[in-house]
Number of protein chains: 2
Amino acid sequence: MNAAKATRMSADDRRELVIAAATRAFARGGYAGTSTDAVAREAGVSQPYVVRMFGTKLELFLEVFERAVGRIRDAFAAVLDDDPFDPASDDDRARMGIAYTELLRDQDFLQVMMHGFSAGGVPEISAAARRCMGEVFATVRRTGWDDEETRDFIAYGMLLNVMISMRAHEHLGEGDPLTALTTCAFGDALEMLESPA
Amino acid sequence: MNAAKATRMSADDRRELVIAAATRAFARGGYAGTSTDAVAREAGVSQPYVVRMFGTKLELFLEVFERAVGRIRDAFAAVLDDDPFDPASDDDRARMGIAYTELLRDQDFLQVMMHGFSAGGVPEISAAARRCMGEVFATVRRTGWDDEETRDFIAYGMLLNVMISMRAHEHLGEGDPLTALTTCAFGDALEMLESPA
DNA sequence: TTGACATGTTATCAGTCGATTACTTATCGT
DNA sequence: ACGATAAGTAATCGACTGATAACATGTCAA
């Protein structure tokens with residue numbers, strides 16, 4: 001008997017599967033540059049099913065985007081919840097940095113996030129972007145850092161996101177100015193980008 | 001006599017006009033989210049003319065993108081060329097910061113830049129993004145700052161670009177976490193965003 | 001004046017898009 | 001076994017997209 005046929009899935013499971021596929025698809029093409037059909041093919045279901053499951057492409061993107069940023073926010077929150085955090089401790093600062101570095105394994109989330117952040121032309125998306133960015137800021141703020149230090153931490157993260165979005169780590173070459181910036185920005189975390197072991 | 005009719009323009013002038021219109025259009029919708037017809041309407045010409053002038057929509061976007069980043073790079077270069085630059089001077093560091101805040105008046109350039117930086121899914125665009133980012137890094141590096149300080153300067157700029165793309169400055173509200181980040185990130189430069197006088 | 005070239009436009013096309021409708025089939029309680 | 005409900009697909013639509021071809025008109029040198 002062929003397992004490819006006939007077996008069904010609960011709507012919830014299928015929904016998760018489609019969201020995961022949509023995350024990969026939107027990471028590549030962004031909101032406007034990704035068709036619902038591309039998402040459907042990535043998920044192995046029909047295009048109308050994707051649309052009916054989420055209502056519209058916009059609602060699907062918003063779901064994917066909010067989950068992506070939510071995952072990043074939660075990674076920071078986990079650091080704060082796991083152990084006491086000393087805002088003056090360099091070790092604890094490093095813990096937050098490492099939490100971000102771990103996220104580099106899942107570049108799709110970061111790229112979806114950047115697409116959402118850049119999509120100021122779609123009011124619903126930019127509204128979600130503002131809300132999500134606010135949540136991330138509030139979460140990192142829980143470190144006890146002041147506004148300025150929190151801002152600088154997030155700024156550094158934005159640079160890394162941009163570098164990943166332009167695939168800087170896949171085009172390292174000696175003497176290239178961008179390579180200098182890439183190695184300087186990622187440091188040891190560069191390994192995280194090459195071998196997602 | 002009606003000036004709207006009959007008067008023609010040199011192709012070069014018209015080209016500049018279309019590029020300016022395309023900058024506004026792409027700033028709103030990005031590459032995939034902006035049709036050549038939208039650009040044509042913004043420029044007041046026909047859609048086929050826009051296509052024929054640049055060959056393809058991709059070539060038009062690349063031209064617009066490279067000009068946008070070029071303008072930013074040149075703003076930094078101008079600071080370095082105008083007067084001697086002391087890498088250890090806080091005043092000179094402020095000069096570079098101010099050069100960037102001046103760019104906040106033309107948010108279209110910054111948004112086009114962010115769209116290009118995020119468009120990793122289009123190889124030609126991400127290749128241009130890497131090259132342009134490398135040029136910006138090399139230019140800022142001319143301050144005499146080391147890699148790390150240059151990196152932090154650019155990271156801060158990326159944060160501001162992201163905040164602008166999500167229109168944070170147009171949605172300031174008391175008690176909002178994002179508002180805290182916005183005021184903290186832009187500081188006095190916030191005025192630059194409201195009244196482009 | 002004229003004719004050649006540059007500056008544009010109108011008409012049109014094949015492909016793609018998001019969405020709707022109608023239909024099919026698996027699953028499960030009774 | 002069976003009927004109701006949930007899970008999914010095939011077919012199709014009108015709108016839009018980027019691009020091409022054919023055509024029209026302003027401009028300028030001779």
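We name chains A, B, ... by the order of the sequence lines, and we start the count at 1 in each one. Just so it is clear, the values below take in all heavy atoms, side chains as well, and ignore hydrogens, waters and symmetry mates.
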Report all side-chain donor-acceptor pairs from residues 113-121 of chain A shorter than 3.5 Å, counting only partners two or more places apart or in another chain.
from: A:H115; atom 1: NE2; to: A:A27; atom 2: O; distance (Å): 3.3
from: A:H115; atom 1: NE2; to: B:S118; atom 2: O; distance (Å): 3.4
from: A:S118; atom 1: OG; to: A:M114; atom 2: O; distance (Å): 3.0
from: A:S118; atom 1: OG; to: B:S118; atom 2: OG; distance (Å): 3.1

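- Checked against salt bridge (charged side-chain N to carboxylate O under 4.0 Å, His left out), B:E124 has no partners two or more places apart in sequence or in another chain.
- By the ring pair (Phe, Tyr, Trp, His ring centres under 6.0 Å) test, B:F61 is found to be paired with B:F26, B:Y31, residues two or more places apart in sequence or in another chain being considered.
- By the side-chain contact (heavy atoms from CB on, under 4.5 Å) test, B:E148 is found to be paired with A:C184, B:D146, B:R151, residues two or more places apart in sequence or in another chain being considered.
- Within the structure, every pair that satisfies the salt bridge (charged side-chain N to carboxylate O under 4.0 Å, His left out) test and touches residues 22-42 of chain A, not counting sequence neighbours, is listed here: A:R24-A:E42, A:R28-A:E42, A:D37-A:R41.
- DNA chain C lies under 4.0 Å from no heavy atom of any residue of residues 112-125 of chain B.
- Side-chain atoms of B:R8 come within donor-acceptor range of the base of D:dT25, with a qualifying N/O pair under 3.5 Å.
- B:F76 pairs by the ring pair (Phe, Tyr, Trp, His ring centres under 6.0 Å) definition with B:F153, not counting sequence neighbours.
- Rounding to whole angstrom units, CE of residue A:M53 and P of C:dG18 are separated by 16 Å.
- Within the 4.0 angstrom heavy-atom criterion, only backbone atoms of the sugar-phosphate kind lie near B:R14; the bases stay farther away.
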Can you tabulate the close N/O pairs, meaning under 3.5 Å, that link protein atoms to atoms of nucleotides 10-16 of chain C?
none

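- The side-chain hydrogen bond (donor to acceptor under 3.5 Å, both in side chains) pairs that include a residue from residues 69-80 of chain A are A:R71-A:D106, A:R73-A:E135, where partners are two or more places apart or lie in different chains.
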